[in-house]
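Throughout, numbering of the chain's residues begins at 1 and tracks the sequence.
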Amino acid sequence: MDSRHITIPIRPTRRLAAAAVGIAALVAAAACAPSSGTDQPGALPSASVDATFDLDALVAAAKKEGSVLVYDSTGDIKKVAEAFTAKYGIKAEGVKSDTQKTAEKLVREKEAGNVAVDLTLFSDGPLLAGELLPRQVVYTWLPPDLIKDIPETNRNPLLVLSKANVWVYNPKIYPNGCPVKNVWELTEDSWRGKVLLQDPLGKATIVQWLSQTAGHGAAPLADAYQRHTGKALQTTEKNAGWEWVKKLAKNKPIINSEDENIAAAVAAPQQTEGRIGLVSIAKFRDVEGKGYHMAVCEGLSPWVGFSYSKYVAIATGTKHPNAAKLFVHFAMTQEGIKHEMEEGGVSGSTAVPPSDGNPKGLTDWGTQLFAMDPKGLLDDYQNTQPVQDFWRVQHN
């Protein structure tokens with residue numbers, strides 16, 4: 001059973017489940033229920049764009065509503081909310097919440113007709129595109145005056161920010177640079193049990209990365225294999241992407257639920273074991289804050305890591321629709337999103353310059369990082385269970 005999917009009582013399917021213990025019975029019922037061929041997620045609903053728009057009028061309407069509540073998977077949302085309140089005088093509360101818990105809360109509030117969470121910055125793109133948007137738990141609103149700066153591929157769902165996970169090493173242990181030059185090395189005996197990453201069975205961005213790696217990452221991985229070994233890859237799997245995922249899983253990487261633990265295992269001041277870890281670039285705050293010895297595996301072929309997307313969506317039935325829209329508008333500007341870009345990131349709007357907080361060694365997101373294809377969100381949603389099952393079998 002896929003722990004990422006959630007129970008939506010109106011339209012149950014086998015694809016919907018929940019991680020929370022309190023709804024275990026509902027999950028079991030949904031998992032056993034037959035699925036009709038017509039009850040599957042389809043194309044995304046169109047984004048909402050106001051026929052007429054006046055920012056001053058929106059601000060006035062939002063002030064009448066008085067407040068806004070936004071959920072996000074990072075605590076930086078508190079800073080965004082504080083900046084929003086300082087600018088508009090509207091009480092804004094930012095709450096850090098795991099994407100799964102946020103999804104459950106949004107669904108329950110909609111079904112109860114008592115919506116408290118007004119909007120969310122949401123990093124599980126497949127779940128958003130596969131469930132929450134098609135089932136109208138949330139909707140996408142595009143700020144009309146900012147659309148010209150938002151590329152078409154970023155509009156539905158509305159991309160508010162791209163972040164990154166990168167392979168890191170300890171430069172105190174490896175003073176001559178990253179000890180691996182090619183990601184295929186991470187699948188070899190010399191690195192068996194020395195590679196760390198978050199759990200693909202529990203972390204949405206990791207399973208999406210594996211899903212897309214097994215898809216449009218196949219060709220670059222095949223090329224990287226040939227450069228590394230001098231011969232073409234021979235595989236019984238569908239392609240080089242699936243083969244790399246299999247070999248990585250079989251090499252017994254150390255799985256953890258928290259980036260913090262991975263960063264410590266690689267880079268803590270007292271660390272003496274040579275390891276490679278995949279962590280969020282936000283962890284580079286620990287280099288200064290905790291004295292960690294951590295560096296990006298610059299030059300790693302074909303990628304030093306991957307970028308992932310965070311989207312913004314408004315809750316259907318919100319009691320503060322104008323305040324929610326205004327918050328979306330704010331988040332799509334440098335003034336608003338800069339608070340989530342202090343440790344790196346790229347806005348979904350071309351009008352916002354890239355963060356100057358990206359770690360040393362990560363200079364070109366376009367060439368150094370494997371990028372998620374937004375056109376693949378629905379495929380990623382459908383592939384979640386197969387990818388997790390594949391990983392589970394190979395890792396055991």
Side-chain angles (χ1 to χ4, degrees), residues 1-21 23-44 73 98-104 106-107 122-135 137 157 165 197-218 236-239 241-250 253 255 257 278 306 308-309 311 370 372-396:
M1 183 179 294
D2 177 6
S3 63
R4 293 171 61 246
H5 296 296
I6 55 179
T7 300
I8 299 179
I10 283 183
R11 303 179 63 187
T13 78
R14 291 183 300 176
R15 297 285 295 165
L16 305 179
V21 174
I23 56 174
L26 292 176
V27 173
C32 297
S35 174
S36 68
T38 60
D39 197 27
Q40 298 298 321
L44 288 176
S73 56
D98 174 80
T99 53
Q100 171 66 42
K101 293 179 180 178
T102 296
E104 289 177 20
L106 288 166
V107 169
F122 202 77
S123 58
D124 188 344
L127 184 58
L128 180 65
E131 290 293 345
L132 300 184
L133 285 168
R135 305 199 189 282
V137 176
N165 279 27
L197 68 154
Q198 288 196 67
D199 190 357
L201 304 183
K203 183 68 174 179
T205 51
I206 297 296
V207 71
Q208 185 188 9
W209 163 60
L210 293 177
S211 173
Q212 295 224 2
T213 295
H216 76 273
T236 57
E237 299 299 334
K238 183 177 179 181
N239 58 40
W242 284 105
E243 181 68 19
W244 184 79
V245 172
K246 178 179 74 175
K247 286 183 176 295
L248 180 66
K250 283 185 174 297
I255 303 301
S257 61
L278 183 67
F306 67 91
Y308 64 91
S309 302
Y311 301 96
F370 176 75
M372 302 292 188
D373 182 357
K375 295 179 182 178
L377 289 178
L378 288 175
D379 286 341
D380 291 336
Y381 173 77
Q382 299 290 359
N383 288 339
T384 296
Q385 191 69 58
V387 169
Q388 289 181 319
D389 288 345
F390 183 80
W391 177 271
R392 184 184 292 108
V393 169
Q394 305 303 331
H395 189 246
N396 286 338

Compare all side-chain heavy atoms of Thr384 with those of Asp380 and state whether any distance is below 4.5 angstrom. no
Would you please say whether a donor-acceptor pair under 3.5 Å links the side chains of Gln212 and Asp373? no
Pair Trp209 and Phe370, ring centroids less than 6.0 Å apart: no
Taking the side chain as every heavy atom from C-beta outward, state whether Pro253 and Leu197 have any atom pair closer than 4.5 Å. yes
Hey, what do you get for OH (Tyr308) to CG (Asp124), rounding to the nearest 0.5 Å? 12.0 Å
Could you grab the distance from atom NZ of Lys101 to atom OG1 of Thr99, nearest 0.5 Å is fine? 10.5 Å
Rounded distance (nearest 0.5 Å) linking atom NZ of Lys203 with atom CG of Leu210: 13.5 Å
Ignoring hydrogens and geometry, is there a side-chain-to-backbone donor-acceptor pair from Gln198 to Ile255 under 3.5 Å? no
Set out, in order, the CA-CA distance, both residues' side-chain angles and the distance that settles side-chain contact (heavy atoms from CB on, under 4.5 Å) for Tyr311 and Leu377, then state yes or no. CA-CA 12 Å; Tyr311 301 96; Leu377 289 178; 3.7 Å; yes
Any side-chain heavy atom of Asp98 within less than 4.5 Å of one from Ser73? no
Value rounded to 0.5 Å, distance of CD1 in Ile206 from CG in Asn165: 5.0 Å
Set of residues satisfying salt bridge (Lys or Arg N to Asp or Glu O under 4.0 Å) with respect to Lys246, sequence neighbours excluded: Glu237, Glu243
Given Pro126, which of Gln208, Met372, Gln382 fulfils the side chain to side chain contact (heavy atoms under 4.5 Å, CB included) condition? Gln208
When rounded to the nearest 0.5 Å, the distance separating CG of Leu44 from CG of Leu133 is 6.0 Å
Side-chain contact test, heavy atoms from C-beta onward, threshold under 4.5 Å: evaluate it for Val207 versus Leu201 and give yes or no. no
So, do Thr213 and Phe306 sit near enough that their side-chain heavy atoms are less than 4.5 Å apart? no
Within the 3.5 Å criterion, strictly below it, is a donor on Ser257 or Asp199 matched to an acceptor on the partner's side chain? no
Counting C-beta onward and ignoring hydrogens, is there a side-chain heavy-atom pair between Trp242 and Val387 closer than 4.5 Å? yes
Heavy-atom closest pair, residues Ala103 and Leu127: CB-CD2, 3.9 Å
Closest non-hydrogen atoms of Arg392 and Asp389, given as atom of the first, atom of the second and distance, are NH1-OD1, 2.7 Å
So which heavy atom on Ala129 is nearest to which on Leu378, and how close? O-CD2, 3.2 Å
Which label fits His395 and Trp391: parallel for a plane angle under 30°, tilted from 30 to 60°, or perpendicular past 60°? parallel
